Each structure stands twice: as C-alpha cells, then as structure tokens.
Amino acid sequence: MEIEQLSIDNLKQLTELVLELWIDCEFDEQFENYKRILGSESEICYLCKEAGDYIAFLHLSSRNDYVEGAKDLPIAYVEGIYVKSDFQKKGIAKKLMNYAENWAKQKGYNQIASDTNITNSVSIDFHKQIGFAEIERIVCFIKDL
C-alpha cells in the first residue's frame, strides 16, 4: 500500500473517488475544485494506492472560521475521507488520519476536527476509535420563501 499526495498525475483518480463518496457531485466540477488544491498551503489531499489501483483518499483543510469545540484557530479539518468498501476495516483510514495529524502538527495546530452525518454510525464509530471526542449533534433547517 502506498500513500501519495495529490498531484496532477492522480487528480483524475481522486475525482473518481470523490464521486464514489459524494454521488450527487459532477466530475468536471469536482475535478476543477480539487485542481485548485494543487500547491495550496491551506489544503491537501492524500490518496492510497493498492496494487496500482486508487482505493482511498483524505482531504484536509485549514479552517479559520468557527469550528465547534475548537480551542484555537486556525484548525486542521477533515473535509472528507473515503475508503472503497472492499478495503474498509483494514487500517487504511487510520493510516490516512496519521498523515492528517502529521500535516496538522507541521502547521503548528493543536487540534484536528471533522464532521459526519448524524446517521453515519460507521463514521462516528471510526472517529471515536481513533481518539476524536464527539462535541455536538445538530439538525439543520431551511425554508424556501
């Protein structure tokens, strides 16, 4: 298993993984979205490759706005993490999160934050297993006028 940083050479593969996680997204929009991350100081992506196939990714950012439970800003934020189903429960997400923590420490951050859907029990359990503390649960509303 190899972990690579996002580059122009694996941008297409990252976009394909992103579309597996967020199925309502469009390829071209996400390709351009992740292309802007190349060379960024405030965002980074890592991809995991097994036997020549890309099987997982992690997207991190530096957030300067309000983050529930944050002691200081900026803070490292897990924007997305995904492992293909055939490769889950093999330590890949945990290994990617080690990269996340190292990136955050290199930036001088004291915390890393994340979020997930309130019904995503697999993600909630994963976060708790690797040391995250649950801070808050919310239900969001909107009304069209």
Side-chain angles (χ1 to χ4, degrees), residues 1-50 53-142:
M1 175 176 37
E2 299 173 49
I3 305 286
E4 302 175 352
Q5 189 171 325
L6 175 63
S7 71
I8 195 67
D9 297 327
N10 58 25
L11 179 59
K12 178 182 178 284
Q13 292 85 353
L14 170 65
T15 306
E16 290 167 350
L17 288 169
V18 166
L19 295 179
E20 289 182 31
L21 177 60
W22 293 302
I23 59 174
D24 294 333
C25 294
E26 298 291 327
F27 183 89
D28 291 341
E29 180 182 354
Q30 293 305 311
F31 185 88
E32 290 302 318
N33 183 42
Y34 283 92
K35 185 177 180 182
R36 72 171 175 71
I37 294 173
L38 294 170
S40 173
E41 291 294 319
S42 62
E43 290 185 77
I44 194 165
C45 293
Y46 294 104
L47 292 90
C48 182
K49 191 171 166 181
E50 177 74 31
D53 294 322
Y54 289 91
I55 59 168
F57 82 92
L58 168 72
H59 175 192
L60 294 164
S61 73
S62 296
R63 286 203 180 176
N64 293 300
D65 52 344
Y66 177 77
V67 173
E68 290 85 359
K71 294 176 186 169
D72 297 307
L73 294 175
I75 187 171
Y77 205 90
V78 179
E79 300 292 346
I81 185 167
Y82 172 74
V83 178
K84 287 186 174 210
S85 59
D86 289 348
F87 297 92
Q88 292 177 2
K89 303 217 182 269
K90 296 183 178 184
I92 295 167
K94 187 174 182 179
K95 187 170 186 178
L96 285 168
M97 288 303 297
N98 287 336
Y99 275 75
E101 290 177 16
N102 287 335
W103 181 80
K105 288 175 185 175
Q106 288 173 3
K107 295 259 179 217
Y109 302 156
N110 297 316
Q111 291 180 300
I112 187 167
S114 184
D115 65 70
T116 192
N117 188 294
I118 199 166
T119 61
N120 191 341
S121 60
V122 171
S123 180
I124 292 167
D125 290 345
F126 168 72
H127 281 83
K128 288 179 178 179
Q129 287 171 2
I130 64 168
F132 279 80
E134 185 175 316
I135 299 301
E136 182 176 347
R137 290 187 181 224
I138 63 170
V139 177
C140 301
F141 297 95
I142 195 163

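Since the model is a prediction, treat every value here as computed from it, not as a measurement.
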Distance-only criterion, 3.5 Å: show the donor-acceptor pairs between side-chain atoms of residues 88-104 and protein atoms not counting sequence neighbours.
unit_1, atom_1, unit_2, atom_2, d
Gln88, NE2, Val83, O, 2.8
Lys90, NZ, Asp86, O, 3.4
Asn102, ND2, Asn98, O, 3.3

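- Every residue meeting the side-chain hydrogen bond (donor to acceptor under 3.5 Å, both in side chains) condition with Thr119, not counting sequence neighbours, appears here in chain and number order: Asn117.
- A side-chain donor-acceptor contact under 3.5 Å links Ser61 and Glu79.
- Minimum interatomic distance between Ile75 and Ala70 (heavy atoms only, all atoms of both residues): CD1-CB, 3.8 Å.
- In this structure, Asn10 contributes its side chain and Gln5 its backbone to a donor-acceptor pair below 3.5 Å.
- The shortest non-hydrogen separation linking Ala56 to Leu17 is O-CD1, 3.6 Å.
- Phe132 has its side chain out of reach of Lys128: every pair of non-hydrogen atoms, C-beta onward, lies at least 4.5 Å apart.
- Residues Cys25 and Leu19 share a closest heavy-atom pair of O-CD2, 3.5 Å.
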Mind running side chain to side chain contact (heavy atoms under 4.5 Å, CB included) on Glu50 and Glu2 for me, showing each step along the way? CA-CA 7 Å; Glu50 177 74 31; Glu2 299 173 49; over 6 Å; no

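- Heavy atoms of other residues, nucleotides or ligands lying less than 6.0 angstrom from CD1 of Ile23 number 12 at most.
- Under the rule for a side-chain hydrogen bond (donor to acceptor under 3.5 Å, both in side chains), the partners of Thr116 that lie at least two apart in sequence or sit in another chain are Asn120, Ser123.
- Proximity of Tyr46 to Leu60: side-chain heavy atoms (C-beta onward) are separated by under 4.5 Å at one or more points.
- Closest approach of Tyr109 and Ala76 over heavy atoms only: CD1-N, 3.5 Å.
- The ring-ring contact (aromatic ring centres under 6.0 Å, His included) contacts involving residues 57-88 comprise Tyr34-His59, where partners must be two or more places apart or lie in separate chains.
- A 4.5 Å side-chain heavy-atom check between Lys84 and Tyr54 finds every atom pair outside the cut-off.
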Residues Ser114, His127; criterion side chain to side chain contact (heavy atoms under 4.5 Å, CB included); working and verdict: CA-CA 8 Å; Ser114 184; His127 281 83; 2.7 Å; yes

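- In this structure, the side-chain hydrogen bond (donor to acceptor under 3.5 Å, both in side chains) partners of Arg137, at least two apart in sequence or on a different chain, are Glu134.
- Residues Ala113 and Val67 come closest through the heavy atom pair CB-CG1, 3.6 Å.
- Under the side-chain contact (heavy atoms from CB on, under 4.5 Å) test applied with Leu11, the options Ile37, Leu6, Leu47 reduce to a single match, Leu6.
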Using side chain to side chain contact (heavy atoms under 4.5 Å, CB included), reason through Ile138 and Ile118 one step at a time and then give a plain yes or no. CA-CA 8 Å; Ile138 63 170; Ile118 199 166; over 6 Å; no

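- Residues Cys48 and Met1 are in side-chain contact: their nearest non-hydrogen atoms beyond the backbone lie under 4.5 Å apart.
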Decide yes or no on side chain to side chain contact (heavy atoms under 4.5 Å, CB included) for Val78 and Leu58, but give the supporting numbers first. CA-CA 7 Å; Val78 179; Leu58 168 72; 3.8 Å; yes

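- With sequence neighbours excluded, the residues satisfying salt bridge (Lys or Arg N to Asp or Glu O under 4.0 Å) with Glu41 are Lys107.
- Formation of a donor-acceptor pair under 3.5 Å by the Gln111 side chain with backbone atoms of Lys71 is found in this model.
- Shown here is Glu20, whose CD atom has more than 12 heavy atoms of other residues, nucleotides or ligands within 6.0 Å.
- Residues Lys12 and Glu16 are paired through a salt bridge, judged by an N-O separation under 4.0 Å between the basic side chain and the carboxylate.
- To the nearest 0.5 Å, the span separating CG on Leu38 from CD on Glu43 amounts to 11.0 Å.
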